[in-house]
Structure formats: structure tokens, C-alpha cells
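So you know, we letter chains A, B, ... as the sequences are listed, proteins then strands, and number each from 1.
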Protein chains: 2
Amino acid sequence: MVERAGGESLLFLTDEQLRKGIEAMFFAYRGFTADPDRILSGIDYGRAHHRAIHFVHRSPGTTVSNLMTILGVTKQSLNRVLRTLIDDGLIRSEKGLVDGRERHLFLTPKGQELERQLSDAQRARMRAAYRAAGPAAVAGFRQVLEAMMDPEMRNAYNRLKEGGA
Amino acid sequence: MVERAGGESLLFLTDEQLRKGIEAMFFAYRGFTADPDRILSGIDYGRAHHRAIHFVHRSPGTTVSNLMTILGVTKQSLNRVLRTLIDDGLIRSEKGLVDGRERHLFLTPKGQELERQLSDAQRARMRAAYRAAGPAAVAGFRQVLEAMMDPEMRNAYNRLKEGGA
DNA sequence: GAATTTACGTCAGCCTTGTTGACATTCCAA
DNA sequence: TTGGAATGTCAACAAGGCTGACGTAAATTC
């Protein structure tokens with residue numbers, strides 16, 4: 001009755017199972033962004049600002065072009081967001097010492113404060129989900145997500161992982 | 001060395017682990033939407049059209065207000081998308097028989113054709129990820145995602161699950 | 001040393017997709 | 001009959017993507 005290959009059930013690969021996974025991703029991503037979005041809607045920023053702040057926090061001193069790659073947006077789009085964050089004193093931009101064409105990005109204390117607020121909210125939901133599901137589920141969660149990424153993004157993700165380990 | 005509670009390791013709840021999960025969600029969601037987006041960019045539609053088509057396919061005869069709730073958008077926003085899909089002959093809207101105020105939505109053959117194209121692409125990636133990660137990982141994946149949803153969305157998700165089981 | 005390429009900033013315009021507010025219609029229900 | 005619910009639609013606006021073009025400074029290459 002159950003399809004098998006090498007003794008392993010393949011029931012989890014039915015279209016029905018895949019569809020459930022697709023819908024789970026859709027609804028879960030909504031939850032994933034809900035809490036930071038709520039905070040940001042109060043102040044003048046949006047999800048794009050959150051992403052920039054997150055990755056500058058994550059990789060202090062990163063360059064503009066590196067951030068463009070990570071976020072997958074054009075420089076014009078990124079610049080609009082970065083411009084407001086710099087003007088508002090949340091991000092500091094420093095001309096590169098070894099290569100003067102590059103701009104290195106850092107969070108100011110004010111920027112760090114907002115980052116903490118946002119990531120606290122997002123981590124709280126993540127923590128609750130992790131706790132509810134348990135460590136084994138979390139390992140599987142990460143495995144599937146990683147397998148779902150485009151290869152280039154998987155590389156970017158793994159470089160970030162190492163850096164923060 | 002390892003924190004323990006009830007004999008179970010809590011290492012998976014460190015801020016570092018949570019941050020990795022957050023970044024995994026971000027990069028994976030990009031991959032998740034990449035293939036349908038590529039198809040849609042060719043024709044005249046966007047991600048919003050995909051979502052509408054998906055859930056109309058999923059729940060044939062669903063009403064407009066139900067779709068609004070599922071998608072989490074306003075009726076004006078939904079109507080704009082629905083309008084083009086109806087005008088282009090991908091979705092059919094039928095006045096309710098028992099309650100004449102309601103409009104029930106269905107995919108036309110043309111709509112079903114596009115739905116199949118889009119979901120084939122999305123399922124292909126999902127299938128590859130599932131296969132790479134294995135059945136145990138998939139179970140964990142689904143558990144964590146479900147725990148991450150807002151309660152209302154979890155209900156919506158579970159109603160869909162039952163219907164399709 | 002001159003020419004080219006790279007990294008970045010910026011202006012302008014366009015598109016999608018979300019929002020709010022207002023108003024009309026139709027129909028169910030008390 | 002009257003209020004509320006479900007829907008459609010018009011208008012205006014905002015966020016955040018995009019492309020294209022142009023400018024500047026700095027590095028690299030010839």
C-alpha cells in the first residue's frame with residue numbers, strides 16, 4: 001500500500017503532502033513577520049528597513065554591494081532605505097580604508113537599540129515555536145529550509161552561520 | 001555544560017540558534033517564491049494573483065470574504081486582483097444560490113491550466129527539498145511552521161488541511 | 001600616465017500591491 | 001421595514017520593488 005524505496009516510505013512526497021508544506025510556508029511566514037511589522041508600523045519604517053538593520057547588525061562593516069546581494073535588491077532600492085536610516089542616525093557609513101570606493105556599514109547605538117527591539121520580538125515567537133515543537137523538529141525544520149534555498153543563497157546563509165558560530 | 005530541563009537539552013533555544021532559524025526562514029522563503037515568480041513575470045501577473053489562484057483552486061466555490069480572510073488583505077486589494085483574473089477568464093464568479101449576496105469563485109479550465117503550471121514549479125522545489133531532508137525532517141519542518149502561525153491562521157490552515165485530506 | 005572598470009550615490013519614472021475612506025447595491029434577518 | 005452583511009467600485013496614497021541614465025571617486029589595467 002505504501003510506496004517504498006530502499007525500505008523508506010515515500011508517502012511524504014505526495015502532491016497532497018507537498019501542498020500542505022506550501023501552505024504551511026505561506027501562513028508561517030505571515031506569523032514570522034507579524035511582530036516586527038507591528039513595531040515598525042508605529043515608527044516610520046517598513047520591512048525593508050528591518051532587513052537592512054538585521055544584516056548590518058549581523059555583519060558589522062559589511063559593504064553596500066554585499067548587502068545588495070544578501071537582500072536581493074537593486075542599489076537604488078537599497079539606497080532609498082539606507083539613506084533614511086543613515087539620515088536618522090541608525091546606521092553609520094564609513095569610507096573604506098583599504099578600498100576607498102567601498103562604504104562600510106555599522107549600526108549606531110540608536111540603531112542597535114531598534115535592532116534589539118525588533119529581534120527580541122521575532123525571537124520570542126521563534127522561541128515559542130521551537131519550544132512547542134522540540135529539538136528534533138527544529139533540526140528537521142532547518143534541514144528542509146536549507147534544502148529549499150537557491151544555491152547562492154545557501155552559500156550566503158552558510159557564510160553567515162559560520163561567522164556567527 | 002548543557003542547560004537541561006526535564007532531561008531535555010535546551011541548547012536549541014539559544015539566541016544564536018533562533019537567529020539562524022530566522023535567517024533560514026528569510027532565505028528559504030525567497031527560494032519558495034522564486035519559481036512561480038519567474039513564470040508570472042512572463043505573463044502579466046504577480047504574486048498576489050498566484051495566491052488568489054492557489055486558494056480558489058484549493059477551495060472551489062469559496063467566497064470573496066473568505067478569501068479576504070485567508071489572504072489577509074482588504075477587499076479593495078483583493079478585488080483589483082480578482083477583477084483582472086475574472087476579466088481574463090481565469091476565474092469565474094457565481095452569485096450564491098442560498099445567499100445571493102455572496103459570490104462563489106471557481107477556476108475556469110484556463111485558470112486551472114495556469115494553476116497547474118505554477119504549482120508544478122513550486123512543488124518541484126518542495127519535493128527536492130523534502131527528498132533531500134527526509135521524512136523525519138519534513139515532520140519537524142511542518143511542526144515548527146505550524147507553531148509559528150498566528151492562532152487564527154493556524155485554524156485556517158487546519159481547516160484547509162482537513163478539507164484536502 | 002592614460003584608459004577602463006568598480007563601487008557607490010542619485011534623479012526620474014514606472015509597476016505591483018498594499019492601505020483608507022466613501023458610496024452604491026443587493027439581500028438576509030429581526 | 002429597517003439594519004446589517006457581502007460585495008463592487010472609485011479615488012487617493014504609500015511602500016518598496018524595478019529600469020535607465022548620469023556623475024564621481026578610487027582602484028586597476030594597459
Side-chain angles (χ1 to χ4, degrees), chain A residues 26 29-30 33-34 36-56 61-88 91-106, chain B residues 26 29-30 33-34 36-56 61-88 91-106:
Chain A
F26 174 70
Y29 198 78
R30 285 254 289 281
T33 55
D37 281 359
R38 240 187 306 277
I39 294 174
L40 290 158
S41 74
I43 51 187
D44 226 17
Y45 301 135
R47 208 175 284 180
H49 300 84
H50 181 195
R51 292 197 282 258
I53 287 174
H54 175 97
F55 285 107
V56 169
T62 190
T63 64
V64 172
S65 69
N66 183 36
L67 205 50
M68 276 170 52
T69 311
I70 292 282
L71 297 178
V73 297
T74 60
K75 68 173 174 175
Q76 294 91 329
S77 198
L78 175 56
N79 190 256
R80 177 169 39 201
V81 164
L82 232 35
R83 189 75 267 137
T84 69
L85 291 171
I86 291 170
D87 289 350
D88 294 353
I91 283 185
R92 178 169 42 93
S93 168
E94 279 186 8
K95 187 184 226 178
L97 291 177
V98 323
D99 188 333
R101 292 169 303 181
E102 296 179 336
R103 297 301 134 97
H104 299 279
L105 305 170
F106 303 88
Chain B
F26 173 70
Y29 199 78
R30 285 254 289 280
T33 56
D37 282 358
R38 240 187 307 277
I39 294 174
L40 290 159
S41 75
I43 51 189
D44 227 17
Y45 301 135
R47 209 175 283 181
H49 300 85
H50 181 195
R51 292 197 282 258
I53 287 174
H54 175 98
F55 285 107
V56 169
T62 189
T63 64
V64 173
S65 69
N66 183 36
L67 206 49
M68 276 171 52
T69 311
I70 293 281
L71 297 178
V73 298
T74 59
K75 69 172 173 174
Q76 293 91 331
S77 196
L78 175 58
N79 191 256
R80 177 168 38 201
V81 164
L82 234 34
R83 189 74 267 137
T84 69
L85 290 172
I86 291 170
D87 290 349
D88 294 353
I91 284 184
R92 178 169 41 94
S93 169
E94 278 186 9
K95 187 183 227 178
L97 291 178
V98 323
D99 188 332
R101 293 170 302 181
E102 296 180 334
R103 297 301 136 98
H104 299 279
L105 305 170
F106 303 88

Given DNA chain D, 5'-ward residue of the pair Val81(A) and Gly100(A), judged by closest heavy atom: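 Mapping each residue to its closest nucleotide by heavy atoms, the 5'-most match is Val81(A).
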
5′-ward residue of the pair Leu97(A)/Ser93(B) relative to DNA chain D: Ser93(B)

Geometric class of the Tyr29(A)/Tyr29(B) ring pair [parallel <30°, tilted 30-60°, perpendicular >60°]: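 Ring orientation of Tyr29(B) relative to Tyr29(A): parallel.
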
Aromatic plane relationship, His54(B) with His50(B) - under 30° parallel, 30 to 60° tilted, over 60° perpendicular: perpendicular

Sugar-phosphate only, base, or nothing, as touched by Arg80(B) at under 4.0 Å among non-hydrogen atoms: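 Base contact - Arg80(B) has a heavy atom under 4.0 Å of at least one base atom.
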
Sugar-phosphate only, base, or nothing, as touched by His49(A) at under 4.0 Å among non-hydrogen atoms: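 Sugar-phosphate only.
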
Is [X] close enough to [N] that one of its side-chain N or O atoms is under 4.0 Å from OP1 or OP2 there?
{"X": "Arg83(A)", "N": "dT10(C)", "result": "yes"}
{"X": "Arg103(A)", "N": "dT6(C)", "result": "no"}
{"X": "Ser77(B)", "N": "dT17(C)", "result": "no"}
{"X": "Lys95(B)", "N": "dA6(D)", "result": "no"}
{"X": "Ser65(A)", "N": "dC8(C)", "result": "yes"}

Enclosure of Asp87(B) CG (heavy-atom neighbours >12, cutoff 6.0 Å):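 More than 12 within 6.0 Å, yes.
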
Of the listed nucleotides dG8(D), dG18(C), dG17(D), the one nearest the side chain of Lys75(B):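 Shortest atom-to-atom distance from the side chain points to dG8(D).
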
Among dG8(D), dT19(C), dA6(D), the nucleotide that comes nearest once only the side chain of Arg101(B) is considered: dA6(D)

Quick one: [X] [atom1] to [N] [atom2], roughly how many Å, whole number?
{"X": "Leu40(A)", "N": "dA15(D)", "atom1": "CG", "atom2": "P", "value": "12 Å"}
{"X": "Asn79(B)", "N": "dA22(C)", "atom1": "CG", "atom2": "C1'", "value": "15 Å"}
{"X": "Glu102(B)", "N": "dA29(C)", "atom1": "CD", "atom2": "P", "value": "10 Å"}
{"X": "Leu67(B)", "N": "dG8(D)", "atom1": "CG", "atom2": "C1'", "value": "15 Å"}

Close side-chain approach of Thr33(A) and Phe26(B), heavy atoms under 4.5 Å: no

Student check: side-chain heavy atoms of Arg83(A) and Ile86(A) closer than 4.5 Å: yes

Distance-only donor-acceptor test, Gln76(A) side-chain atoms vs dG16(D) base atoms, 3.5 Å: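 By the distance-only test, no, there is no pair.
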
